[in-house]
Amino acid sequence: MIKKILIANRGEIAIRVMRSCKEMGIKTVAVYSEADRTSGHVLYADEACCIGPASSKESYLVIDNIIEAAKRFGADAIHPGYGFLSESSAFVRRCKAEGIIFVGPSAEAMIAMGDKISARETMIAAGVPVVPGSQDNLKTIEQMKEMVKTIGLPVMLKATAGGGGKGMRLIRQESEIEDAFFSAKSEAANSFGNDIVYIEKYIESPHHIEFQILGDNHGNVIHLCERECSVQRRHQKIVEESPSPLMTPALRAEMGEKAVMAAKAVNYSGAGTIEFLVDNDHNFYFLEMNTRLQVEHPITEEVLSIDLVKEQINIANNLPLRLKQSDIVQIGHAIECRICAEDTENNFMPSPGIIKQLTEPLGIGTRVDSYVYEGYEIPMHYDPMMGKLIVWAVNREYAIERMRRVLHEYKITGIKSNISYLRRIMDTPDFVSGKYDTHFIEKNSDFLLKTTYEGTKDETEDIAIIAAYVDYILNLEENAPQDTDNRPISRWREFGKQKAMLRI
Amino acid sequence: MIKKILIANRGEIAIRVMRSCKEMGIKTVAVYSEADRTSGHVLYADEACCIGPASSKESYLVIDNIIEAAKRFGADAIHPGYGFLSESSAFVRRCKAEGIIFVGPSAEAMIAMGDKISARETMIAAGVPVVPGSQDNLKTIEQMKEMVKTIGLPVMLKATAGGGGKGMRLIRQESEIEDAFFSAKSEAANSFGNDIVYIEKYIESPHHIEFQILGDNHGNVIHLCERECSVQRRHQKIVEESPSPLMTPALRAEMGEKAVMAAKAVNYSGAGTIEFLVDNDHNFYFLEMNTRLQVEHPITEEVLSIDLVKEQINIANNLPLRLKQSDIVQIGHAIECRICAEDTENNFMPSPGIIKQLTEPLGIGTRVDSYVYEGYEIPMHYDPMMGKLIVWAVNREYAIERMRRVLHEYKITGIKSNISYLRRIMDTPDFVSGKYDTHFIEKNSDFLLKTTYEGTKDETEDIAIIAAYVDYILNLEENAPQDTDNRPISRWREFGKQKAMLRI
Amino acid sequence: MEIHIGDRIAQVELISKEDNKVVIQIDDKTYDLDVVMAENGVCSILNNGKSYNAEITKSDNGKSYIVNTHFNTFPVQIVDLQAKYLRSRKKDDTDEMQDRIFSPMPGKVVKILVTEGQVVEPGQSMIVIEAMKMQSDYKVKKGCTIKQILVAEGDTIDGGQTLITLE
Amino acid sequence: MEIHIGDRIAQVELISKEDNKVVIQIDDKTYDLDVVMAENGVCSILNNGKSYNAEITKSDNGKSYIVNTHFNTFPVQIVDLQAKYLRSRKKDDTDEMQDRIFSPMPGKVVKILVTEGQVVEPGQSMIVIEAMKMQSDYKVKKGCTIKQILVAEGDTIDGGQTLITLE
């Protein structure tokens, strides 16, 4: 049985994994870059090892350094988290060669699912639906018409060399085919010097819905139902929920079955996610498989009352799955919001810096998975996500109400955050009604960027004026005219910048 | 429907109630004493009203002041929390007279259950078992023997005027009766000048197990299963869990049925708790009814996935119960620890003061209901409880492991707390095995007061030395020899102690 | 006294103050308040019983604030006599004049797109900065000449640090 | 240097220091450490990769600390030359001499059980203080005479405040 796990990651996911390890009595080893000495995951771990400079290319992505740390501290397993090396088959192979358990799937499964084209072929062979179409070169208008007949309208005509919408045509009616074909080809030729085009089924109102699966080393695979992840901005998920408002029991059973087939097709072991595109008519298509834990895994944990990291570790310990498919019943509703250090009003510019004040929400139905703390300096080198806010309630309506409450409780200053943007999502009619797809953010962008909130503008402005004014007066009174903020720049003091020798 | 609720309480329970109100879109009014201006519940509420000086007799217990506040702010309902006026039938009647909804039972139900003797009689009439015995004066040895025959051995002989164990005799065998009767009588006469004695069934290995019930204004009553509250010190609960390790489905059904009968006997409406004493043979006896929300209500919420405050408010809104008895099934296991500002190593002396650092545990399966924050000064006027730490997990073993993890994450300095004491409870074999009764704390007091923990004593001492030493050196280096701690005495600054007029 | 909040200029006056009870006039409104403030900048304001919380951070001579209330973030400037004086003196070089390129946040210089002495057009990109896996390029507003380039590709920069001077 | 922790007296010496790498000798053990400290007193110590956190609060000339590590709380005293000198001078009035009654925590005077000039016996209760709904009574260790009573019943008192002087 695994006794000590090195977590080859940083930030909230490293702490998330360590929490479950701690509960299981497993020792934890943190790795950290020079920029992360004061990061929460270093403080949380039993042991910690510096693995290089700030740049992740020189630290979190260096297989040698991580293996060396694992050996130095005698870790018998490595948990990769998400991102960084979590989908590196080379890393998996190296772990195997070194006799260290990798908490995740085999290198083979990773490779089979890692490449989009091979994944697509594997899925077709396994009977899992993929987006109809082909990336074959359509040379003639006859080929094109043939293909459209197979796929069915509407279709999207795309240029292989394309980008920025050039050479792209949405075709809804048969009469548009000919014109689209020739104009796209010539546009592509002019723009890219390459006139190769192909078509794909156009999915209207696409929903990004994914299924969590768990497989063990004994050939058992189950699915843990779906997560709705259509609230995305530039393919970055912002809010996720489970169950999906689009889902029906019949569709869930069908998609779940296909997800299990997909995982079985590559002898998958560990936790993984099958992403699907689903349209309003409940047609669904395999998109890709993520062969690791997802950022949004907590909403599955909440509605199913399980701990996915513990399940991962049990699987890595060669245990058979604890749960059967019939045990899996979603209860209630969970929503997750990703809390990011970014300036939503300024094109979502990242906002690294020092957290001056922090109040995290607590109480019934509230879960916070984060790694920052008051006085912590968020480094500029990594992802702007500070943590995740997860609520659970008996139904979707109550979950939204709870999310509004906890976003109200969440206070963070010193850096910009997306908290008020998330709060507005919770009030957007399309979200509240559950009728949204991946166009949600684009469609509601005006509503979402409204700057004032709650109460009249004048009233809240006056409150802000009062707060600043009173602080100003207090400082005058204290006769301590300080040039700048006397609150700490960073709570962490480098211990002796001057290289002094001191003898007391 | 209720639009605005005044919470006639302070601290964590006030915030607990406000959280549910906020989720329901109900406005909240806080009341506060002069010592509580910076208490978390004042900051959390939509509106706040000062109701008097620090002493609760002059503030939180003054019905007039609370009613006045409710009227001033137009609250259409009052939630009493627990403690203070929550079991005052005079307060309930006053609310009724003023046309304000009291979120709780009727004054009549409160009175019927408030007096121990009348409650006992009501329960006997309703067929709910009570501790056998009678408080009748036993004048002759024949009367005594008759009574013992009815009750069965062992019995406890007590003096009406007794106290401190004087005039008290535990009788296990018939042969002991005569001697005990005469010696107790003479001891009582000598000690108190009053020789009246009575007997009660002696409960061996008593477990304090209580049933949560919910009744509506339409005559429906259900029970929400049990809470095990035997971890007590001087009748103060410290740790609670649900389900009870002693419970069986058959006993739960039987006790639940009696709890519902008890509530129906007084036409109970709202949330209430029936406390029972249970012995190892599963005999159970009505102890008392608490006609309000309990401190430990969250463990019921966790295993049943409900929000008791929302249910209370729905009942107050005259709605019928949302749930049927058949909906009530406990899932998993929940444990609550009460986090108190007290010095466990010094006879549990209360420890008011300023919280210098605070880290509350987060992550999967963790719930914190508290009201304090970093920089907050815990006033000396009220209860030392700062909050409650609640975990949920799939089973009891995992819940204990999780509780160990979250107690490890909980850091609080500046005041003394009982966190390490709670941590030791989680390691006490009797607790871990689930084989404990109300003698638990007494029985394990040596184990629980062990002062060192984790790792060797020398190692942790050296770490403490290093931390202090490095801080000392840092201060020397900064050439800022400060007389005392330069961290804030209290984060809250009274705005201008000098009564100055300032014009800028 | 003048206080600027966003585009609005408010006239603010302290009418009276006794313990934490203050009366403040903002433009034509008079507020009768109970205010307490925590060392860490959290401010609790009771206005006629209504409970507001504001979190403030300050910089720049203690007269420039960022204030969070509810879900809003406001920049607030205290314009006392000293600030007024400094402002009046600064009037000559208006904000319009852009004499440097800087990044509001810390980051890393990915690419420098100009050379010293180069004449650049309005809207031309000068430099690309990366922070938190996102790249931003900084442009000039008006045509000008690159005076000096103070950083090199690969450099780590602080927020507000001057990267390129213009003339 | 001497550092007192509980009953233990440790000899502590700083061997070297470079950035946050420090070498400290405690008695006969040498520690090679990586230490960072937050403004609020949270200290992270890596000892050979092992990660420890300690939270410190200090008082009394910055030489008296309360340190929390894991589930332990330690009182730590830095005894530098100045402290040593002061200690040597204090030797005369030993801790044995009890010249006053005080409460370690703030509270309220519930009852005063003695009068000025009264001769009291060892273990006799002097005063009852209430805090957080709990009452504690304070006793004298040795027989003595009540010199002065500085508080009245109903008074609110601070932690450490002298309530009664003895002689």
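Chain letters run A, B, ... following the sequence lines, proteins first and then strands; every chain starts at 1.
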Before we go on, tell me: are the rings of A:Y60 and A:Y382 under 6.0 Å apart, centre to centre?
yes
Pick whichever of A:M380, A:M385, A:K411 has the most heavy-atom pairs under 4.5 Å with chain C.
A:M380
Please state whether the side chain, the backbone, both or neither of A:A54 comes within less than 4.5 Å of a heavy atom of chain C.
neither
Residues forming a salt bridge (Lys or Arg N to Asp or Glu O under 4.0 Å) with A:K388, sequence neighbours excluded
A:E12
So which of A:I463, A:T413, A:N346 has the biggest tally of heavy-atom pairs under 4.5 Å with chain C?
A:I463
Side chain, backbone, both or neither of A:I415 within contact of chain C (heavy atoms, under 4.5 Å):
neither
List the steps, then state whether side-chain contact (heavy atoms from CB on, under 4.5 Å) holds for C:E2 with C:Q11.
CA-CA 5 Å; C:E2 242 176 50; C:Q11 290 298 330; 3.6 Å; yes
Contacts satisfying salt bridge (Lys or Arg N to Asp or Glu O under 4.0 Å) that involve residues 40-53 of chain C (not counting sequence neighbours) are A:E459-C:K50
Would you please go through residues 131-139 of chain C and name the residues with a non-hydrogen atom below 4.5 Å from one of chain A, in numerical order?
C:A131, C:M132, C:K133, C:M134, C:S136, C:Y138
Evaluate the side-chain proximity of A:F431 to A:V239: yes if any heavy-atom separation is below 4.5 Å, no if none is.
yes
Quick one: do the C:R100 and C:T162 side chains pair a donor with an acceptor below 3.5 Å?
yes
Given that the side chain runs from C-beta out, which part of C:K29 has a heavy atom under 4.5 Å from chain A: side chain, backbone, both or neither?
side chain
C:D32: side-chain contact (heavy atoms from CB on, under 4.5 Å) partners, not counting sequence neighbours
C:V23
Minimum side-chain heavy-atom gap A:D471-C:M37 below 4.5 Å:
yes
Tell me if the centroids of the rings in A:Y421 and C:F71 come within less than 6.0 Å of each other.
no
Options C:T73, C:N47, C:N68, ranked by heavy-atom pairs under 4.5 Å with chain A, top entry
C:N68
Which answer fits C:I66, side chain, backbone, both or neither, if we ask what part of it has an atom under 4.5 Å from a heavy atom of chain A?
neither
